[in-house]
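Structure, as structure tokens:
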Amino acid sequence: MNGQMSYMENHFDKRLDPTLLVDGAKSVVSLLLNYYPSELQNPDSYKISKYAYGQDYHFVIKEKLKELLYSIQSNIGEVGGRAFVDSAPVLDKAWAAKSGLGWIGKNGNLLTQKVGSFYFIAELIIDLDLEYDNATTDHCGSCTACIDACPTQAIVGPRVVDGSKCISYFTIELKENIPVEMKGKFDDWAFGCDVCQDVCPWNRFSKPHKEPLFNPNPEMLSLSKKDWTEITEETFKVIFKNSPLKRAKFEGLKRNVDFLK
């Protein structure tokens, strides 16, 4: 169900066996970093996913992980390992669930009782034996809010997401034209989609992050639909400098906005 995301089919052996990524690996240290914003976009706007409000998380988190690994090595001694932030075939959610950071919800995201699901997941895989944590329990119950709310019916069953039907796939990963049958189903999402998280009852406990690098350019928050329609490549580069939106590129964003009009 991965559509044109062929990279998801590669290196499955490494996804299952971290020792193929890090020689002598003995532990996966899973970490979460909140990205829930303190301010939301202008309601009269084409929408972008909250994770993309600030600077690209890959670079922000990678620096933090390097610092953590250095701290471990400084305090313990020689410890080998690597940091991962969506940068290799790693089962982020599976390892995080095994470590007790949350459970896999019906929308396929990692959920927690304390802060919901608006956070990034990252790992250190190291050659150090640790006292391991245990998985937590599932707290979705009979709730089907995410399944019911998905604008494109991409959640085809509890914990089963058809990636090739997801708005995030169409607006970020798909490089060709968006299928015409999707017209009118995107609920004004121009980059990514947060619907299955926004409706999740556990996200009423979300609290604003404290990472300055995730704060948005104020101009981004104030953009109207008219502004999005008229945005130039020069303006795009200024407002979204070092932003995850650069993954879609200016041409991809224009395609998305044109599709929404």
Side-chain donor/acceptor of Tyr119 to backbone N/O of Leu110, under 3.5 Å: yes

Do you know which two heavy atoms are closest between Tyr169 and Met5, and how far apart they sit? CD1-CE, 3.7 Å

Between the main-chain N or O of Cys143 and the side-chain N or O of Lys106, is there a donor-acceptor pair closer than 3.5 Å? yes

Quick one: do Glu63 and Lys66 make a salt bridge, cutoff under 4.0 Å? yes

Parallel, tilted or perpendicular, as decided by the 30° and 60° cut-offs, for the rings of Phe191 and Tyr51: tilted

Mark yes or no for whether Thr235, through its side chain, and Ile231, through its backbone, hold a donor-acceptor pair below 3.5 Å. no

Using side-chain heavy atoms (C-beta onward) and a distance below 4.5 Å, is Phe259 in contact with Lys183? yes

Linking I/L/V/M/F/W/Y whenever their side-chain heavy atoms sit closer than 4.5 Å, directly or via other members, would Leu221 and Val238 fall into one cluster? no

Could you report the tightest heavy-atom contact between Ile61 and Ala122, atom names first, then the distance? CG2-CB, 3.7 Å

Please determine if Glu173 and Arg247 form a salt bridge, counting it only when a charged side-chain N lies under 4.0 Å from a carboxylate O. yes

Any chance the rings of Phe186 and Phe170 have centres within less than 6.0 Å? yes

Should we count CD of Glu181 as having more than 12 external heavy atoms under 6.0 Å? yes

Taking Lys246's backbone N and O only, do any of them form a donor-acceptor pair with Ser243's side chain (distance below 3.5 Å, no angle check)? no

Check whether any side-chain heavy atom of Leu111 sits under 4.5 Å from a side-chain heavy atom of His139, and report yes or no. no

Met220, Phe236: one ILVMFWY side-chain cluster at the under-4.5 Å cut-off? yes

Partner of Trp228 by side chain to side chain contact (heavy atoms under 4.5 Å, CB included), out of Leu260, Ile48, Asn256: Ile48

Between Lys47 and Asp198, does any side-chain N to carboxylate O distance fall below 4.0 Å? no

Look at atom NZ of Lys225 and say whether more than 12 heavy atoms of other residues, nucleotides or ligands are closer to it than 6.0 Å. yes

Same apolar cluster (I L V M F W Y, side chains within < 4.5 Å links), Phe214/Leu31: yes

Asp162 backbone acceptor or donor facing Ser164 side chain under 3.5 Å: no

Note: Thr171 and Gly192 closest approach over all heavy atoms is OG1-N, 2.9 Å

Specify the closest pair of heavy atoms between Cys140 and Asp138, including all atoms of both residues, with the distance to one decimal. N-OD1, 2.8 Å

Are Glu123 and Asp92 close enough, and set up right, to give a side chain to side chain contact (heavy atoms under 4.5 Å, CB included), and what steps lead you there? CA-CA 7 Å; Glu123 299 81 27; Asp92 305 277; 2.8 Å; yes

Non-hydrogen atoms of Gln73 and Val79 that approach each other most closely: NE2-O, 2.8 Å

Side chain to side chain donor-acceptor pair (under 3.5 Å) assessment of Tyr132 paired with Ser27: CA-CA 8 Å; Tyr132 302 117; Ser27 299; 3.0 Å; yes

Can you tell me if Ser222 and Asn42 form a side-chain donor-acceptor pair at under 3.5 Å? no

Closest non-hydrogen contact found for Gln197 with Asn203 is O-ND2, 2.7 Å

Rounded at 0.5 Å granularity, tell me how far CZ in Arg82 sits from CG in Asp23. 10.0 Å

Does the Asn107 side chain pair with the main chain of Cys196, one donor and one acceptor, at a distance under 3.5 Å? yes

Determine whether a donor-acceptor pair (N or O, by modelled atom type, separation under 3.5 Å) exists between the side chain of Ser168 and the backbone of Cys193. yes

Parallel, tilted or perpendicular: ring planes of Phe120 versus Tyr57, cut at 30 and 60 degrees: parallel

Could you state whether Tyr70 and Phe84 fall into the same hydrophobic cluster, counting links through intermediate Ile, Leu, Val, Met, Phe, Trp or Tyr residues with side-chain heavy atoms under 4.5 angstrom apart? no

Asn75 side chain vs Ser71 backbone, donor-acceptor pair below 3.5 Å: yes

Whether the side chain of Ser206 engages the backbone of Gly116 through a donor-acceptor N/O pair (distance < 3.5 Å, no angle test) should be reported. no

Side chain of Asp187, backbone of Pro151: donor and acceptor closer than 3.5 Å? no

In terms of side-chain geometry, is the basic nitrogen of Asp258 or Lys261 positioned less than 4.0 Å from the acidic oxygen of its partner? yes

May I ask whether Val28 and Ile76 are part of the same hydrophobic cluster, defined by side-chain heavy atoms of I, L, V, M, F, W, Y residues being less than 4.5 angstrom apart, directly or through others? no

